[in-house]
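Working notes for the structure below.
Convention: sequence-line order gives letters A, B, ...; per-chain numbering from 1. Because the structure is predicted, anything quoted here is derived from the model rather than measured. In what follows, every heavy atom counts, from backbone to side chain, and hydrogens, waters and symmetry copies are set aside.
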There are 2 protein chains.
Amino acid sequence: MVTIYDIAAKASVSAMTVSRVINNTGKISEKTRAKVKRVMEELNYVPNQTARSLVLQQTKLLFLLITDIMNPFYTTLARGAEDAAKKSGYRLLFGNSDESLEKESDYVTTILIARVDGVLVAPAGDPSLPHMESLRMHNVPFVLLDREVPGIECDIVLGDSKEGARMLVEHLVSQGHRRIAMVNGSPSISSARLRLQGYQDGLKLNDLSYNDRYVYETSFGPLNDLSEMEQWIDRMDPPPTAIVAGNNVLAVEVMRLLRGRGISVPDDMSIVCFDDLGPYSEIEPFLTVAAQQAYQFGYMGMKMLIERIQERETTLPWKKIVLPADLIIRRSVKEITQP
Amino acid sequence: MVTIYDIAAKASVSAMTVSRVINNTGKISEKTRAKVKRVMEELNYVPNQTARSLVLQQTKLLFLLITDIMNPFYTTLARGAEDAAKKSGYRLLFGNSDESLEKESDYVTTILIARVDGVLVAPAGDPSLPHMESLRMHNVPFVLLDREVPGIECDIVLGDSKEGARMLVEHLVSQGHRRIAMVNGSPSISSARLRLQGYQDGLKLNDLSYNDRYVYETSFGPLNDLSEMEQWIDRMDPPPTAIVAGNNVLAVEVMRLLRGRGISVPDDMSIVCFDDLGPYSEIEPFLTVAAQQAYQFGYMGMKMLIERIQERETTLPWKKIVLPADLIIRRSVKEITQP
DNA sequence: TATTTTTAGGTTATCGGTAACATTACTTAA
DNA sequence: TTAAGTAATGTTACCGATAACCTAAAAATA
């Protein structure tokens with residue numbers, strides 16, 4: 001491996017001079033600089049970031065931990081984060097916790113070992129608290145995405161979940177629906193709780209009563225087993241005419257289940273959900289959604305993180321950004337006239 | 001930051017003893033081991049991977065470079081790669097070249113700087129050759145995925161593109177189609193070339209003539225501008241009854257275009273393509289596809305890479321794995337009876 | 001008991017860079 | 001002409017870990 005010393009020897013200068021040329025620091029005569037550069041090219045020199053990180057005590061690596069790599073909300077978010085990171089000269093590592101606390105815990109270890117300069121996390125849920133505390137204890141700056149974790153103070157980018165859910169319900173009501181059910185993520189996730197609240201608010205504002213038999217709480221991730229959801233659907237009597245899904249993945253799961261049972265959407269059941277389906281809503285712009293600004297989640301979160309890292313010394317107040325969701329009306333809701 | 005020396009001091013042993021405890025090497029009395037471990041826990045010690053990498057000359061980091069992070073083929077592949085990496089105690093970084101040679105070149109630099117132990121690459125195309133040569137020159141083991149790069153010998157995992165395309169054409173023919181067009185990726189990409197050949201083979205086997213006006217070559221990535229494709233569609237006279245798309249993204253783009261022009265699929269036009277749409281084919285299992293074993297691409301590629309790294313000394317012969325594609329028949333092809 | 005072997009642990013140098021300080025060679029003003 | 005200032009470069013120590021070598025004490029063997 002070519003090192004700074006090989007360059008130094010061949011150019012008949014000291015290693016320090018080479019280092020100065022590489023980093024454009026100190027004073028170097030044009031002649032020396034040219035000579036060193038020529039030798040570096042001749043030998044195809046690439047600086048060893050490992051050695052540099054060791055002495056500089058920074059890796060210029062950031063980490064993005066998401067909960068579902070197949071979910072276009074997160075891949076879009078990842079792109080935003082990546083773009084913002086690159087702009088500031090950081091490189092970005094990804095991790096995928098699959099909504100699992102164990103995997104999340106593994107990644108926190110990885111993060112500490114890799115000595116990354118900062119982390120962007122979509123936490124698995126409230127029980128992620130110890131993981132965040134661990135990052136805090138080890139002095140790793142982090143910014144939360146999409147979900148709050150009660151008990152920890154930090155920078156955070158959130159969507160307006162409550163308002164978005166209310167909007168979805170009100171849209172359904174405007175189309176004549178009165179029996180509206182909800183499939184949601186786990187109540188141990190702050191955004192799921194807020195979406196439930198928004199759903200309840202939407203009902204109340206329209207003088208519809210809330211019935212917890214119409215609510216099914218499961219995981220936001222892909223479901224292996226739909227039988228529980230199936231039982232829930234059967235238990236609702238009278239059946240709802242519409243279902244609000246807490247996110248895009250759940251909407252897809254519900255549709256998969258309904259299709260299996262020969263229930264057609266939107267003719268027999270209307271569906272709306274949080275988050276868009278990325279490029280695949282192009283194929284058939286079907287689902288009516290409360291689209292969150294996924295790219296902005298990543299982009300703004302990353303900018304906050306980098307600012308936090310660069311202002312390590314100063315004690316900035318914690319920042320909180322709340323991004324609104326946009327209602328995109330498509331074809332998954334049927335207008336019904338009162339029976 | 002807590003270092004091995006802090007532990008050593010507090011446990012009244014040498015740093016080396018601590019290192020031995022951490023790595024389970026050498027001989028250490030149970031008493032000492034327990035004492036050191038206790039101090040490590042007390043101080044929440046996390047080993048500094050940077051320092052370790054410097055001396056061990058390995059980072060235990062691998063890199064996966066894909067060309068489209070929104071494409072479920074690649075996210076599924078990524079998952080396979082991640083699983084295989086984790087099993088062998090490696091961590092995985094991702095990069096996304098967006099089918100762009102410039103971004104790919106950037107990532108190659110990143111890869112060299114980050115001193116990763118090995119790389120899994122889906123190259124942007126034949127012109128990626130210098131990038132691969134650069135990796136080779138710097139002694140970074142790599143495995144290619146999905147696309148060959150003429151001029152470089154290496155381990156590789158490919159799909160059976162020719163056979164898959166032939167299958168798609170034959171399926172269309174079996175449904176009565178005779179005028180079959182193809183939208184494909186750039187001919188500078190090996191898999192695109194093979195898919196074109198497979199398409200031609202499929203036609204020939206059924207005594208259909210090949211007409212290059214029925215073939216449109218563009219990028220495999222998402223298209224910003226559909227106007228060229230639109231002109232192509234208009235130029236075909238008589239118009240085809242079916243289109244074979246070189247991958248899933250192109251299929252989605254074609255459908256987007258057709259929808260915009262009020263042409264309904266499959267009633268007015270049948271569509272088939274390479275690669276499945278991931279979880280989104282659940283929502284409406286619509287597209288008939290030649291599904292590649294995306295997960296296996298990543299999993300097997302990663303296993304080959306790790307073997308290559310671990311057998312660095314031995315000169316293993318280059319390996320080539322070719323994975324077949326499965327025809328999944330859904331609803332995007334209409335059976336037509338001869339007019 | 002004396003000698004060899006084994007066990008448990010310590011010392012030192014090193015990985016490839018960079019910060020801080022030191023030195024040399026020119027300029028420039030007095 | 002000379003002291004002082006500046007520009008250009010070199011020296012040394014260190015970041016945090018580990019490999020290779022070394023040593024003292026205990027255990028095994030003669």
Ignoring backbone atoms, test whether S14(B) places a side-chain nitrogen or oxygen under 4.0 Å from the OP1 or OP2 oxygen of dG10(C). yes
Is the phosphate of dG9(C) approached by S29(B) (side-chain N or O, under 4.0 Å from OP1 or OP2)? yes
Can you classify the ring geometry of F94(A) versus F94(B) as parallel (below 30°), tilted (30 to 60°) or perpendicular (above 60°)? perpendicular
Can a side-chain donor-acceptor contact be found between T50(A) and S53(A) if the only test is distance below 3.5 angstrom? no
In whole angstrom, what separates I28(B)'s CD1 from dA8(C)'s P? 8 Å
Ion pair D155(B)/K319(B), N-O distance below 4.0 Å: no
Using a heavy-atom cut-off of 4.0 Å across all strands, would you classify Q49(B) as base, sugar-phosphate, or nothing? nothing
Could you check whether E307(A) pairs with R312(A) (Lys NZ or Arg NE/NH1/NH2 to Asp/Glu carboxylate O, under 4.0 Å)? no
For DNA chain D, which nucleotides open and close the run of contacts to chain A, 5' to 3', at under 4.0 angstrom from a non-hydrogen atom? dA7(D) to dG16(D)
Rounded to the nearest angstrom, tell me the gap between atom NZ in K31(B) and atom P in dA8(C). 12 Å
Looking at T17(B), I'd like to know whether one of its side-chain N or O atoms comes within less than 4.0 Å of OP1 or OP2 on dG10(C). yes
Short N-O contact, R147(B) and E99(B), less than 4.0 angstrom: yes
Are K60(A) and D117(A) within salt-bridge range, i.e. N to O under 4.0 Å? no
Are the charged groups of E41(B) and R38(B) less than 4.0 angstrom apart, N to O? no
Does the N23(A) side chain pair with the main chain of R20(A), one donor and one acceptor, at a distance under 3.5 Å? no
Which letters describe nucleotides 18-27 of chain C, given B = protein heavy atom under 4.0 Å from base, S = only from sugar-phosphate, - = neither? SBBB------
Can R136(B) and E133(B) be counted as an ion pair, charged N to O under 4.0 angstrom? no
Can you tell me if T32(B) touches the phosphate of dG9(C), counting only side-chain N or O atoms and a distance under 4.0 Å to OP1 or OP2? yes
Need to verify one output field. Residue with the more 5' nearest nucleotide on DNA chain C, E30(B) or L54(B)? E30(B)
